[in-house]
Amino acid sequence: MSKPKVLVARAIFPSVLERLSQHFDIETNQADEVWPKEELARRMSDKVGAFTTSSERIDAAVLDACPQLKIVANMAVGYNNFDVDAMSARGVLATNAPDVLTETTADFGFALLMATARRVTESEHYLRAGKWTKWNYEMFSGSDVHGATLGILGMGRIGQGIAKRGAHGFGMNVIYHNRSRLEPGLEAACKARYVSKEELLRTSDHLVLVLPYSASSHHAIGAAELAQMKPTANLINIARGGIVDDAALAVALRNRQIAAAGLDVFEGEPAVHPGLLTVPNVVLTPHIASASVPTRLAMGNLAADNLIGYLVNGKPLTPLNPEILKK
Ligand code: 8YV
């Protein structure tokens, strides 16, 4: 009997491909080309399953070209590249890759926070450029992390991981804002206090964004919000491009309306707003918050487990639209 056909839309660990190939007839993309939407749809048109990353947009037009498709497994916890309603309407299961990246991503949030507060990359560029000829009392003075007020916007699993690192590791005063307040036990474990968004913006020394992207979180941080922040504050975005208005942020950084920013995600990435590339007080990284070898492997394996779980055993591990399983 022929095996079900699955598309693996981007390059991935050979061990993950090996596991998939035991169950499926796979078409791979180890050259790691980012296919235009029409090509993605064409390659997926005879498949029952697809393995995607955040770069692949799965919307109604793509789905309509793929009548045999039963599942798309995203190797990411965020799934704003999926139109889940369009998938549900066509009976296509959507899965993401939660939990396995929580601690690694929280580690990176802290790395970016510390690099931003203590001007790590800016000072390294200075040294490499041969500009370090003498020590000076105020050179690359930044802001303290320990004891400062850590604000978190979006208090899911990753937000809670960052809160714990701040409260328990660095003695920070942790405040947060979220659509819904955490239950008291979780708040106590994070030593975090729920505040309004306005108080969060006004009082955070370091504000970390960890909320999911949706139409309602588009430009959650724009010119008006940046204007409410302290001139000494640092802004960290490890969530999604589009949550911050990057053009407004570039202006705020240039005018020193806030002290600095650390950004791992960008509007329209991999393009970066040119205004951000020319200001010194920003640390820029290419969407690597989950990039430790064990975590990326775990994410790849979880996406593969979802494909195998659903197409072979009828039981996906982390479905986003489980209601379609009942049909
Ligand atoms: C992924 C991410 O590496 O999980 C997410 O939501 O943003 C990253 O961890 C990236 O999106 C690749 O799919």
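For the numbers below, each heavy atom of this structure counts, side chains included, while hydrogens, waters and symmetry mates do not. Order of listing sets the numbers, starting from 1, for every ligand and every atom in it.
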For a distance cut-off of 3.5 Å, show me each N or O of ligand 1 paired with any protein N or O, plus the separation.
| residue | atom | partner | partner atom | Å |
| --- | --- | --- | --- | --- |
| ligand 1 | 3 (O) | S290 | OG | 3.2 |
| ligand 1 | 3 (O) | R296 | NH2 | 3.2 |
| ligand 1 | 4 (O) | V77 | N | 2.7 |
| ligand 1 | 6 (O) | V77 | N | 3.4 |
| ligand 1 | 6 (O) | G78 | N | 2.8 |
| ligand 1 | 6 (O) | R240 | NH2 | 2.8 |
| ligand 1 | 7 (O) | R240 | NH1 | 2.7 |
| ligand 1 | 7 (O) | R240 | NH2 | 3.4 |
| ligand 1 | 7 (O) | H287 | NE2 | 2.6 |
| ligand 1 | 9 (O) | S290 | OG | 2.7 |
| ligand 1 | 11 (O) | S54 | OG | 2.2 |
| ligand 1 | 13 (O) | S54 | N | 3.1 |
| ligand 1 | 13 (O) | S54 | OG | 3.0 |
| ligand 1 | 13 (O) | M75 | O | 3.1 |

Go through the side-chain N and O atoms of D205 and N234 and say whether any donor and acceptor fall under 3.5 Å apart. no

Taking the side chain as everything from C-beta on, heavy atoms only, tell me whether V62 gets closer than 4.5 Å to R57. no

Donor-acceptor side-chain pairing of R10 and S55 below 3.5 angstrom: yes

Any side-chain heavy atom of N301 within less than 4.5 Å of one from R19? yes

Between E27 and K5, is there a salt bridge with N-O shorter than 4.0 Å? no

Are E199 and R193 within salt-bridge range, i.e. N to O under 4.0 Å? yes

